[in-house]
Amino acid sequence: MRNYIENKDSVFNEVHELISQLTKEDDYNTWEQITKETIGVTSCIHSSDYEYLRHKLNVMYYLNWHLTKQISKHLDCAIIKEINTNIALLDSLYSSQCDFLRTYLHNQDIRYETYGISTEIQTITNINLLNFYMVINDGMSKFTYQKITQIDDNTLDCPVIDDSLIDELYDQFISECIISSRAEQTSNKEKAIIISKLSEEYRQWKRYIIHRNYIESILPNALKEVWSYNTKVWKLNKIRQLKNEFECYGTMCELDYSLSLQDCNFVELMNYHSLSKAWEDHKRHPYNSF
């Protein structure tokens with residue numbers, strides 16, 4: 001990271017120039033690739049390459065900091081304060097997720113999982129900030145509903161996501177992945193600790209979403225639509241995360257990957273029960289899983 005730090009000012013200027021050149025035809029994949037090339041991150045040889053993940057995450061952190069600075073020049077100070085508070089709440093959610101995974105996975109090395117989750121968080125945050133920036137500078141004509149993370153669907157077309165659905169998925173995860181599936185290898189005391197860690201993660205999730213709803217209520221109309229769109233993306237991603245049972249962030253074999261929920265549309269997301277159920281179905285019908 002030495003060159004990255006030493007060239008920070010020049011990188012800032014180049015990224016700012018990229019932002020000013022963006023058009024509605026540019027998608028996120030193009031933006032991310034250009035940014036990687038600008039800052040000097042090498043291409044990924046393997047998805048579990050720790051150094052690559054670390055570099056990619058630092059690129060995302062820097063870019064999000066840059067976008068926040070640019071946005072702060074155009075919005076009311078009270079709104080910027082709330083956005084910064086929301087970012088802090090997201091940090092608390094991330095910390096609680098790491099704390100839960102560390103306990104759930106019996107204190108094994110979770111650095112790939114934590115970097116995977118953090119990269120996912122920064123990716124969604126980045127597109128939200130980028131949309132803000134584009135709307136502030138160019139109006140709603142520059143705002144397009146784009147693919148974000150693995151939800152390969154136009155989120156504008158999916159119905160309102162009731163928070164009770166996510167509540168049910170947390171209960172499902174506790175029942176199927178902690179109480180039942182781990183019964184033979186985990187004591188009741190350990191299960192109680194794991195559930196308490198997940199309950200804290202759930203509490204942080206609720207705080208985060210409640211605060212997002214508050215910010216939406218105080219934003220101007222155009223930005224209200226952008227913010228609402230991304231709240232829906234956060235909920236879709238949480239549904240996928242829970243149905244995948246917090247897998248898919250570390251190293252995975254090809255079979256694990258094929259059975260988990262990756263690129264999907266809204267109907268596929270709703271119809272998928274869980275990774276455990278997918279494994280059960282695969283054991284009964286191994287040739288129908290691919």
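One is the number of the first residue; the rest follow in order along the sequence.
- At a threshold of 4.5 Å between non-hydrogen side-chain atoms, the residues Tyr61 and Ser118 count as touching.
- Distance check, rounded to the nearest 0.5 Å: NZ of Lys206 to CD1 of Ile166 gives 8.0 Å.
- Using a cutoff of 4.0 Å between basic side-chain nitrogens and carboxylate oxygens, Glu280 and Lys283 are not scored as salt-bridged.
- Asp167 has its side chain out of reach of Asp162: every pair of non-hydrogen atoms, C-beta onward, lies at least 4.5 Å apart.
- Separation of atoms CH2 (Trp234) and CD (Gln241) is listed at 9.5 Å; rounding is to 0.5 Å.
- A side-chain donor from one of Ser276 and Glu245 sits under 3.5 Å from a side-chain acceptor of the other.
- Side-chain atoms of Thr125 come within 3.5 Å of backbone atoms of Ile121 as a donor-acceptor pair (strictly under, hydrogens ignored).
- Under the 4.5 Å side-chain criterion, counting only non-hydrogen atoms from C-beta, Glu176 is not in contact with Lys277.
- A donor-acceptor pair under 3.5 Å is formed between the side chain of Asn64 and the backbone N or O of Gln122.
- Taking the side chain as every heavy atom from C-beta outward, Leu105 and Phe100 never approach each other to under 4.5 Å.
- Heavy atoms only, all atoms of each residue included: Ala278 and Leu259 are closest at CB-O, 3.6 Å.
- Between Tyr104 and Phe173, the ring planes are tilted. Angles from 30° to 60° get that label.
- At a threshold of 4.0 Å, the pair Lys81-Asp76 does not count as salt-bridged, since none of the basic side-chain nitrogens sits closer than that to a carboxylate oxygen.
- Checked by atom type and distance alone, the side chain of Ser175 never pairs as donor or acceptor with a backbone atom of Asp171 at under 3.5 Å.
- A 4.5 Å side-chain heavy-atom check between Arg207 and Ile210 finds every atom pair outside the cut-off.
- In this structure, CD1 in Ile215 is found 4.0 Å from CG in Asn86, a value given to the nearest 0.5 Å.
- No donor-acceptor distance shorter than 3.5 angstrom exists from the side chain of Lys197 to the backbone of Asp99, with no hydrogens or angles considered.
- Atom CG of Leu242 is separated from atom CG of Leu165 by 9.5 Å, given to the nearest 0.5 angstrom.
- Using a 4.5 Å cut-off on side-chain heavy atoms (C-beta onward), Gln97 and Gln204 make no contact.
- Leu75 places a side-chain heavy atom less than 4.5 Å from the side chain of Phe132.
- Side-chain contact between Met270 and Ile239 is present, with heavy atoms from C-beta onward closer than 4.5 Å.
- No close placement of the Tyr170 and Trp205 rings is indicated, their centers lying 6.0 Å or farther apart.
- Between Glu201 and Lys238 a salt bridge is recorded (basic side-chain N to carboxylate O distance below 4.0 Å).
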